[in-house]
2 protein chains.
Amino acid sequence: MVKELDEKSDSLPDHVGWRLWQASRAWQAEFAAAMRADGHAWFTDARAGLLGHIPRGGTRQSALIERSAVSKQAVQQLLDGLEAEGVIERLPDPRDGRGKLVRYTRKGLDALRDGDRIKLQIERGYIDRIGERRFAALVDALRALDAGQGDLLETTARIRGETSESK
Amino acid sequence: MVKELDEKSDSLPDHVGWRLWQASRAWQAEFAAAMRADGHAWFTDARAGLLGHIPRGGTRQSALIERSAVSKQAVQQLLDGLEAEGVIERLPDPRDGRGKLVRYTRKGLDALRDGDRIKLQIERGYIDRIGERRFAALVDALRALDAGQGDLLETTARIRGETSESK
DNA sequence: TCCGTATAGTCAAGATACTTGACGATATTC
DNA sequence: GAATATCGTCAAGTATCTTGACTATACGGA
């Protein structure tokens, strides 16, 4: 139980990226645990990442592909899983024979509702921990950061190599 | 190119967790791209997550396992990869015949140095985007959040189910 | 109207990053 | 010394992503 070397003092990271990563992981772990405790056993981080891009009113699968920062095949596989779990369903798009509409099932909407509640609970916990002022500053800074950036999509699209140079 | 439905207006997420996640992903994507551009082709997010827990002076593999929020087998596999890449090396622990010491090779230390530089560049970019004041508030809030929490490890350890109830 | 091309989605195969389970070797404790 | 715990490894399986190849539908002219 005795720490023989005080490695804590030896340059473990403390920069924005690391902090953001830790904070993000902590939030996700807390949220996912609460969701599963609420009976949504199908909930995973990867699925959450995708669901975040599906508005309550539904969307086209192709729109989803544009927004999320992964390949269309990845989106498809995640949707396959969510569909199998009964969280979302896919319908043919009446306006485009090629397209599919993705929308929530009752089960999915229930999960969203629970998610909203949990989200607020976590926020309350954060405010308790760091104070309302700091919390507001945090959100403000994150929003500014997001707005100031061409956002993740461009970056990843660029990295991935412009599927179609629609110049 | 015409947006037929204005889905933007339909409840896409805007809460701390989502913002943190997006910000974290953006940071990592930027960092990883810069690292690879600098010749560290072996660099991946998962490896970065582990390296962040290895102090420059090295550490015991078991200490690494305690700190990182994944299973010991995952840590091992990541170390296997890093060792194969020549980034770290493992030596027997002279003080405990069971243990192994993990430390950086020259190549690893070079990568850390480059990483530090890139990290500062990214920070500079952030400050340009949102201003020094907001940036300071961001870091301050993240630090407070981290300090206020029993941190990620307890949570994940609890979730995973207490390998050994060392009561 | 028909043809070329772009777009939406699917199928298949493989890589990476994890997981749990089982195990051998060394320490520790009594 | 013997029971027990810890450290690391080996093996096998799962989730999440990737690239490549393909089908079906839509669209924009000649």
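Lettering follows sequence order; numbering is per chain, from 1. Computed over heavy atoms, backbone and side chain alike; hydrogens, waters and symmetry mates excluded.
When rounded to the nearest whole Å, the span between CZ of Arg60(B) and P of dA27(C) equals 10 Å. Rounded to whole Å, the distance from CD1 on Ile65(B) to P on dT20(C) is 14 Å. Lys72(A) places its NZ atom 10 Å from the C1' atom of dG20(D), with the value rounded to the nearest Å. Note: CG (Asp96(A)) to P (dC27(D)) measures 6 Å, nearest angstrom. Computed from coordinates, the Arg95(A) CZ to dT25(D) C1' distance equals 16 Å when rounded to whole Å. Summarising the geometry, the separation between CG on Asp80(A) and P on dT10(C) is reported as 7 Å, rounded to the nearest angstrom. Straight-line distance from the CD atom of Glu66(A) to the P atom of dA8(C): 7 Å, rounded to whole Å. What separates CD of Gln28(A) from P of dT16(D) is a distance of 12 Å, to the nearest Å.
Ala46(B) comes within 4.0 angstrom of the backbone, heavy atoms only, and of no base. Using a 4.0 Å heavy-atom cutoff across all strands shown, Asp93(B) reaches no nucleic acid atom at all.
Dashed line: the shortest gap from a side-chain N or O of Arg90(B) to OP1 or OP2 of dT9(D) is under 4.0 Å. For the OP1/OP2 pair of dA12(D) and a distance below 4.0 Å, the side-chain nitrogens and oxygens of Gln73(B) include no atom meeting the criterion. Applying the 4.0 Å criterion to OP1 and OP2 of dT16(D), one finds that Thr44(A) has a side-chain N or O inside that range. Between Gln61(B) and the phosphate of dT9(D), there is a side-chain N or O to OP1/OP2 separation shorter than 4.0 Å. For Ser71(B), no side-chain nitrogen or oxygen approaches OP1 or OP2 of dC18(C) to under 4.0 Å.
When each of dG8(D), dT18(D), dG9(C) is scored by its nearest atom to the side-chain atoms of Val70(A), the top-ranked nucleotide is dT18(D). Proximity note for Ser62(A) (side chain, C-beta onward) versus dT19(C), dA27(C), dA8(C): the nearest is dA8(C).
Interface remark: the Gln77(B) side chain does form a donor-acceptor pair with the dT19(C) base, using a distance-only criterion of under 3.5 Å. Between the side chain of Lys100(B) and the base of dG8(D), no donor-acceptor pair of N or O atoms lies under 3.5 Å.
Not a single donor-acceptor pair under 3.5 Å links the side chain of Tyr104(A) to the backbone N or O of Ala111(A).
Here the CG-CZ distance, from Asp140(B) to Arg19(A), works out to 10.5 Å after rounding to the nearest 0.5 Å.
Note: Trp42(A) and His40(A) have perpendicular aromatic rings, judged against thresholds of 30 and 60 degrees for the angle between ring planes.
If Arg47(A) and Gly97(A) are placed on DNA chain D by their nearest nucleotide, the residue sitting closer to the 5' end is Arg47(A). Projected onto DNA chain D by closest heavy-atom contact, Leu78(A) and Gln76(B) fall at different nucleotides, the more 5' of which corresponds to Gln76(B).
The pair Arg117(B)-Asp114(B) meets the salt-bridge criterion, with a side-chain N (NZ, NE, NH1 or NH2) lying under 4.0 Å from an Asp/Glu carboxylate O.
Looking at every heavy atom in both residues, Gly99(B) comes nearest to Arg60(B) through CA-NH2, 3.5 Å.
Gln28(B) and Ser24(B) share a donor-acceptor pair across their side chains, judged by distance under 3.5 Å alone.
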